[in-house]
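Some notes on the structure that comes next.
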Amino acid sequence: MTKLPARFAGLGAAVALVGVALSAPTATAAGAFPAFGLPFDTGQSVYSAGIHSDNGNSGVKNAIDFSPGDKTVRAPLAGTVRIQHCSGGDWVTVDHDGGWRTGYYHMENISVTDGQKVVPGDALGRTGNALPCGGSSTGAHVHFTLWTLPTAAQGGDSRDFGVGAGNWNGKSYDEVSTTVAEAYGEAVDGKTFGGWRFTAGTDQYSGTATELSSRATIGLPGRFRV
């Protein structure tokens with residue numbers, strides 16, 4: 001297994017799906033990329049372990065690890081909270097207009113409820129090392145992920161047993177980070193969040209963050225001020 005940075009250990013190797021076999025549908029193109037903010041407050045120092053795939057090993061690079069100084073994770077865009085349940089606890093996703101979804105793993109002290117409407121800046125929880133569905137973490141952070149959901153599924157289509165419709169309850173993190181990520185994970189490469197454009201590197205846990213207003217570029221892993 002690829003050795004990952006000590007700051008945030010990646011998630012384990014994928015395991016085979018158990019039970020109902022899911023097809024691997026291709027995500028329908030979502031609407032235009034929204035004007036996302038960052039998933040934390042501005043005016044503080046933030047550490048990022050870099051851009052990587054959802055399991056830190058292979059697949060689409062749809063994830064960025066963030067550790068803001070105030071340890072508070074916030075909604076980067078208006079949306080509807082979907083709490084995903086596992087035997088070890090809960091984690092949070094937020095569905096946004098146009099079929100976009102953001103995910104927040106490792107959070108502790110989750111402060112939102114299923115179905116709650118949020119606006120940019122609303123607190124979702126605290127950075128942490130929670131492992132409700134499995135995986136690993138060696139430093140408090142939020143594992144921030146980007147997804148698209150099929151247009152049909154947004155209206156409740158559950159032909160893939162609820163996965164496309166956004167019901168990931170009970171799915172191990174290995175399942176979410178492999179089978180689900182393959183179908184619905186959206187690369188963060190070239191995407192802008194809160195005035196910062198993130199560019200993936202060749203390796204896992206690498207890349208750059210460029211502040212569009214100043215053109216200052218920070219290598220990842222690294223620390224920057226927002």
Side-chain angles (χ1 to χ4, degrees), residues 5 8 27-54 56 59-82 92-107 117-125 127 141-151 154 166 177 181 183-226:
F8 300 137
T28 303
F33 191 67
F36 279 109
L38 289 160
F40 43 79
D41 252 343
T42 58
Q44 62 179 315
S45 177
V46 178
Y47 178 81
S48 174
I51 298 167
H52 53 286
S53 61
D54 207 29
V60 62
K61 293 178 181 177
N62 67 322
I64 313 175
D65 286 343
F66 288 120
S67 183
D70 70 359
K71 304 182 187 302
T72 302
V73 182
R74 299 183 182 276
L77 188 71
T80 302
V81 172
R82 296 288 297 271
V92 173
T93 59
V94 179
D95 290 346
H96 312 280
D97 286 347
W100 295 94
R101 161 171 284 190
T102 48
Y104 309 83
Y105 199 67
H106 298 313
M107 282 201 310
K117 304 293 185 183
V118 292
V119 298
D122 280 354
L124 303 177
T127 57
H141 67 290
V142 62
H143 177 81
F144 175 72
T145 47
L146 183 65
W147 314 79
T148 57
L149 296 179
T151 302
Q154 294 168 44
S177 64
Y184 305 116
E186 178 73 19
V188 298
D189 182 50
K191 303 282 195 308
T192 298
F193 299 89
W196 288 80
R197 178 169 295 150
F198 291 85
T199 304
T202 302
D203 299 327
Q204 298 282 344
Y205 294 92
S206 66
T208 60
T210 300
E211 186 179 32
L212 298 184
S213 61
S214 67
R215 297 295 175 183
T217 297
I218 307 299
L220 302 178
R223 185 174 296 278
F224 54 103
R225 189 166 187 85
V226 297

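Only this structure's heavy atoms are used, side chains among them; waters, hydrogens and symmetry mates stay out.
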Ring-plane angle category for [X] and [Y], please: parallel below 30°, perpendicular beyond 60°, tilted otherwise.
X    : Y    : result
H141 : H106 : tilted
F33  : F193 : perpendicular
F40  : F66  : perpendicular

Between T148 and W100, does a side-chain contact (heavy atoms from CB on, under 4.5 Å) hold up when you go through it step by step?
CA-CA 5 Å; T148 57; W100 295 94; 3.5 Å; yes
Worked verdict on E186 versus W147 for side-chain contact (heavy atoms from CB on, under 4.5 Å)
CA-CA 5 Å; E186 178 73 19; W147 314 79; 5.7 Å; no
For the student: nearest non-hydrogen atoms of [X] and [Y], plus distance:
X    : Y    : value
T145 : D54  : CG2-OD1, 2.9 Å
T127 : P68  : CG2-CD, 3.7 Å
A49  : P221 : O-CG, 3.5 Å

Is the backbone of R82 close enough, under 3.5 Å, to the side chain of T93 for a donor and an acceptor to pair up by distance?
yes
Quick one, Y104 and V94 - any side-chain contact, counting heavy atoms below 4.5 Å?
yes
Just checking, is any N or O donor in the side chain of T80 or K117 under 3.5 Å from an acceptor N or O on the other one?
yes
Please check if atom NZ in K191 has more than 12 non-hydrogen atoms from other residues, nucleotides or ligands closer than 6.0 Å.
yes
Applying salt bridge (Lys or Arg N to Asp or Glu O under 4.0 Å), run through K61 and D189 and close with a yes or a no.
CA-CA 7 Å; K61 293 178 181 177; D189 182 50; over 6 Å; no
